[in-house]
Amino acid sequence: MMRSLFSAVSGLKAHQTKMDVIGNNIANVNTVAYKSQSVTFGDVYYQTTQVATGPNEASGKGGTNAKQIGLGSTVGAISVDPTAQGASERTDNTWDLMISGDKFFVVSNAGNTYFTRAGDFTTDLDGAIVTQSGANVMGWKADADGNIIKDRVQALYATSPEYTYTAPAATTGVTITGNVDSRETGDIAYTVNFYDSLGNEYQATLNLTYDSKDAAAGTTSYNVVGGSVTMNGQPTELSVSCDSQVVFNTNTGASMVGNAGLALTFTDNSADGSGNIANIGTNNGNTSTINLDASGLTMYAAASNINATMGINGTGAGKAVGKMTSVGVNEAGQIVASYSNGDTKKIGQIAVASFTNPSGLEKVGDNLYAATLNSGSFDGIGEDISESSGKITSGYLEMSNVDLADQFTNMITTQRGYQANSRIITVSDTMLEELINLKR
């Protein structure tokens, strides 16, 4: 039989394989994070009809080259670069994540660890972050203080009972600002809001009452007169008082006291101690106190307007119980929850993986890759993407990197190669026919 027939058949098979790869590339032109594959051919075993010889000085004969007949082609490699960056697509979906760089998301499915560049994630009934096929996205959880514990990767959750609330804090300081009309000698009413250690919100009603003016000292004094206290809008048996005075410089109108030694004192007037003053400010046995800063008050010839805000110099404001309102992912892959009381808390971090030879990863479907002996192994812990040049972007997806112009060009050359190999078969058949006809 003519060797050209079998060479042509091998060429047909190789070009058919290349066309299969091209077809798969085009089929995945809109697949999230799909990486285009390419095919290279290689020649195969050669039949040597004459070996090479060297020059012979004795006979004066020169050397001759080997005579070899090739036996066709084969698929040398089907290559892919899983880290080749595709274009970005904006989705504005919190759980659509795009990796910039050469890393992979780590996911777990039925106890098996896989890797993916496709970040079209979602959450399931339990609040776990999963792929569209249900594989758990893996990373590290945070401790109670929001510190990421970089141990072996585990499934990450966006919502769960342990993250639903953040603890309240008692108010320890109140700041009074505004103006006291220097022409007024009556009472000026204002209210003070504060929280106890359980997150209950209170409102105390107070008055600033004119006391006296000392012309020799150049001062004007006002008493801080307490009153009733409500909790979450309901009356209580608590009362508030203040033993200190607010003293102004009569000539400049500036307050002459700060927060040193100035405090609101709360007393429980109930017979059974149900006022729970131990949860308010600083407990002093039968009373509790909250520091008061009146240094921001002025006494000018203008309408009185007093405001009270929680906290002193940015601290001690207290807060109510925080309920989770939203969850997001930052560029480091940290999952950050926001709460109704203004708290933010890190509840986990998405881990990533890298490989010495990413092209050695094996595609297993569903946009997933598996590690092989030629890709390098995964250590079970993963990497922090913020420690490299990469980042994770929320609200974006990495698109397929298939170039249709390139694929259509390859399709044409592949078609022509297949056509040419088929012609070899028909011509070889014609030659065999001529040989058979010699008998006639």
Side-chain angles (χ1 to χ4, degrees), residues 94 123 125-129 139-151 154-175 191-204 229-238 240 259 263-268 270 272-293 308-330 332-350 394:
T94 299
T123 55
L125 178 64
D126 295 329
I129 307 171
W140 310 297
K141 289 189 176 181
D143 61 17
D145 297 322
N147 300 310
I148 303 297
I149 308 301
K150 296 180 181 179
D151 203 344
Q154 54 187 303
L156 293 176
Y157 290 80
T159 58
S160 67
E162 61 186 304
Y163 307 131
T164 303
Y165 298 98
T166 57
T171 300
T172 58
V174 173
T175 298
T191 58
V192 172
N193 288 17
F194 60 95
Y195 295 102
D196 69 10
S197 59
L198 299 178
N200 294 305
E201 185 176 10
Y202 294 78
Q203 187 177 65
V229 179
T230 60
M231 181 182 73
N232 299 323
Q234 301 298 318
T236 68
E237 295 190 66
L238 295 175
V240 59
N259 60 351
L264 298 176
T265 300
F266 297 89
T267 304
D268 182 5
S270 65
D272 57 1
S274 57
N276 289 326
I277 58 173
N279 297 324
I280 298 173
T282 302
N283 183 250
N284 300 311
N286 296 325
T287 60
S288 290
T289 58
I290 292 180
N291 294 328
L292 183 66
D293 184 354
T309 56
M310 290 180 281
I312 296 176
N313 296 326
T315 62
K319 56 188 177 182
V321 177
K323 186 173 183 180
M324 184 186 292
T325 56
S326 63
V327 182
V329 180
N330 62 22
Q334 295 172 342
I335 304 166
V336 182
S338 298
Y339 294 85
S340 57
N341 62 355
D343 280 350
T344 59
K345 183 179 181 181
K346 288 185 287 187
I347 61 178
Q349 183 173 3
I350 296 171
S394 176

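This structure is a prediction, so every number in the text was calculated from the model and none was measured.
When all heavy atoms are compared, the tightest approach of Ala278 to Asn283 is CA-ND2, 3.6 Å. Listed here is the closest heavy atom pair of Thr175 and Gly311: OG1-O, 2.6 Å. The shortest non-hydrogen separation linking Ala170 to Ser197 is CB-N, 3.6 Å. Nearest heavy-atom pair, Ala320 versus Tyr195, reported as atom, atom and distance to 0.1 Å: CB-CE2, 3.5 Å. When all heavy atoms are compared, the tightest approach of Thr171 to Met310 is OG1-SD, 3.6 Å. Between Lys346 and Ile148, the closest heavy-atom pair is CB-CD1, 4.4 Å.
Under a 3.5 Å cut-off, the side chain of Trp140 and the backbone N or O of Ile149 do not form any donor-acceptor pair. Remark: the backbone N or O of Ala332 is paired with a side-chain donor or acceptor of Gln349 at under 3.5 angstrom. Within the 3.5 Å criterion, the main-chain N or O of Ser160 finds a donor-acceptor partner in the side chain of Thr164. Using modelled atom types, no side-chain atom of Thr265 and backbone atom of Thr289 make a donor-acceptor pair closer than 3.5 Å. With Ser288 contributing its side chain and Phe266 its backbone, the two residues share no donor-acceptor pair below 3.5 Å.
Here the side chains of Thr166 and Asn341 are in contact, with some heavy-atom distance below 4.5 Å. Counting only heavy atoms from C-beta outward, the side chains of Ile277 and Thr267 never approach each other to under 4.5 Å. Looking at Leu292 and Val192, their side chains never come closer than 4.5 Å, going by heavy atoms from C-beta outward. Side-chain contact between Thr123 and Thr159 is absent, with no heavy-atom pair separated by less than 4.5 Å. Using a 4.5 Å heavy-atom threshold, the side chains of Met324 and Lys345 count as separate. Between Asn276 and Asp196, every side-chain heavy-atom pair lies at or beyond the 4.5 Å cut-off.
The side-chain contact (heavy atoms from CB on, under 4.5 Å) test applied to Asn232 returns Asn200, Glu201, not counting sequence neighbours. Under the rule for a side-chain contact (heavy atoms from CB on, under 4.5 Å), the partners of Gln203 that lie at least two apart in sequence or sit in another chain are Thr191, Asn193, Thr230. Listed by chain and number, the residues in a side-chain contact (heavy atoms from CB on, under 4.5 Å) with Asn286 amount to none (sequence neighbours excluded). Tyr202 is linked by a ring pair (Phe, Tyr, Trp, His ring centres under 6.0 Å) to Phe194, counting only residues two or more places apart in sequence or in another chain. Every residue two or more places apart in sequence or in another chain that forms a salt bridge (charged side-chain N to carboxylate O under 4.0 Å, His left out) with Lys319 is listed here: Asp343. Partners of Thr344 by side-chain contact (heavy atoms from CB on, under 4.5 Å), not counting sequence neighbours, listed by chain and number: Val336, Ser338.
Taken from OG in Ser394 to CG in Asn330, the straight-line distance is 9.5 Å, to the nearest 0.5 Å. Here the straight-line distance linking atom CD1 of Ile312 with atom CG of Asn291 works out to 5.0 Å at 0.5 Å rounding. The CD1 atom of Ile129 sits 5.5 Å away from the CD1 atom of Ile350 when rounded to the nearest 0.5 Å.
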